[in-house]
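To start, the structure under review is shown below, and the notes come after it.
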Amino acid sequence: MRLATWNVNSVRARLDRVLAWIDRSDVDVVALQETKCKDEQFPEQAFLDLGYEVAHHGLSQWNGVALVSRVGLEDVSTQFSPDVPHFGEPAAAEARAIGATCGGVRVWSLYVPNGRTLQDPHYVYKLAWLEALRSAGVGWLGQDPQAQVALVGDFNIAPTDDDVWDVDFFAGATHVSEPERAAFRSLVDAGFADVVRPYAPGPGTFTYWDYTQLRFPKRQGMRIDFVLGSPALQARVSGATIDREERKGKGASDHAPVIVELAPNA
DNA sequence: ATGGTAGTCCAACTA
């Protein structure tokens, strides 16, 4: 089974590219982030025509997450915990998570809050959101240590200095702060390993390149998109790639797709 | 030449 995650930065603005990529990449399950639309605006039929089921969660023009699957899509949930923090004035839930069981794997498509700046309320929200995710993950593995769980998506964290093109450039910025990195490590310590890294070593291996300042051709990116797998899922991983080619050309998302190959269940 | 973003929807925000 091939499982992918991709922050598409608007599914409507680049629907043709998204469909073409899914079609030629032979992926069974794709987690999308930043669909940037409400449910009623999501172009579901185009995915159905390709032979995939879709579950989407979008509340406004911001955020938005989806799961696309041709191996089943069951038990959809848009809340990994009753304690997911809210944001805004008034505080409200945002469309940053959707989970479903696809081909026996519990897949969560996640769009972690950006944080904006270290002084912004959004940064506090980001850390609280990550703690709620960690707590939920501990609960799932506590109930069933053999559960096949994949926490995938845009984590908006560069876990190590090797995951940014220039450490000095990001001094004092979000994505690289110690509390964010500690939150990422806590997810790993809870049992959710970065299953891509062994197949995509760094430094200089990235999943995101800012649209500005010609960051992509200069190879100045960040590694912030991940597939984190529970122990039973890790055991099935036989390969992984970051599809840097998809970042090229007119109409590309600023993120590249990340793909993991899973061996059949033993 | 010494430059240089893109999405949501039209003013400003988000990333």
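Per chain, numbering begins at 1; letters A, B, ... match sequence-line order. What you see below is based on every heavy atom in this structure, not just the backbone, and it leaves out hydrogens, waters and symmetry mates. Being a predicted model, the structure only gives us computed values, none of them experimental.
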*Check the surroundings of atom CD in A:Gln143: do more than 12 heavy atoms from other residues, nucleotides or ligands lie under 6.0 Å from it?*
no
*For DNA chain B, whose closest nucleotide is more 5', that of A:Asn114 or that of A:Arg12?*
A:Arg12
*Classify the nucleic acid contact of A:Tyr111 as base, sugar-phosphate or nothing, counting any heavy atom under 4.0 Å across all strands shown.*
sugar-phosphate
*Over how many whole Å does the gap from A:Gln213 atom CD to B:dA15 atom P extend?*
20 Å
*Taking atom P of B:dA6 as reference, at what distance in whole Å does atom CH2 of A:Trp209 sit?*
16 Å
*N or O in side chain of A:Arg14 less than 4.0 angstrom from B:dG7 OP1/OP2*: yes
_What is the distance, to the nearest angstrom, from the NE2 atom on A:His175 to the C1' atom on B:dT14?_
12 Å
*asked:* Using whole Å, what does the distance between atom P of nucleotide B:dT8 and atom CG of A:Asn9 come to?
replied: 8 Å
*What is the distance, rounded to the nearest whole Å, between atom CG of A:Asp225 and atom P of B:dA15?*
15 Å
*Measure the distance from CD on A:Gln61 to C1' on B:dT8 and round it to the nearest whole Å.*
5 Å
*asked:* Cation-pi check for A:Phe206 against A:Arg223: NZ or CZ below 6.0 Å from the six-membered ring centre and within 45 degrees of the axis, yes or no?
replied: no
*Sub-6.0 Å ring centroid separation between A:Phe80 and A:Trp129*: yes
*For B:dC10 versus B:dT14, give the span between their C1' atoms, rounded off to a whole number of Å.*
16 Å
*asked:* A cation-pi test, strictly: NZ or CZ of A:Arg244 under 6.0 Å from the centre of the six-membered ring of A:Tyr208 and no more than 45 degrees from its axis. Yes or no?
replied: no
*Going by the angle between their ring planes, with limits at 30° and 60°, are A:Phe47 and A:Phe42 parallel, tilted or perpendicular?*
parallel
*asked:* Regarding A:Arg116, tell me which of base, sugar-phosphate or nothing describes its non-hydrogen contacts under 4.0 Å with the strands shown.
replied: sugar-phosphate
*Looking at the side chain of A:Ala13, which of B:dA6, B:dA15, B:dG7 is the nearest nucleotide?*
B:dG7
*How many Å lie between CG on A:Asp210 and C1' on B:dG7, as a whole number?*
13 Å
*asked:* Let me spell it out: for each of A:Lys36 and A:Asp254, pick the nucleotide of DNA chain B with the closest heavy atom. Which residue's pick is nearer the 5' end?
replied: A:Lys36
*Any side-chain N or O of A:Ser10 under 4.0 Å from OP1/OP2 of B:dT8?*
yes
*asked:* Can you tell me which nucleotide in B:dA15, B:dG4, B:dG7 comes closest to the side chain of A:Leu214?
replied: B:dG4
_Residue A:Glu34, side-chain atoms from C-beta onward, closest of B:dA6, B:dT14, B:dA15_ = B:dA15
*Specify the separation, in whole Å, of atom CD of A:Gln41 and atom C1' of B:dG7.*
13 Å
*From the options B:dG7, B:dA15, B:dT5, select the nucleotide whose nearest atom is closest to the side chain of A:Arg96.*
B:dA15
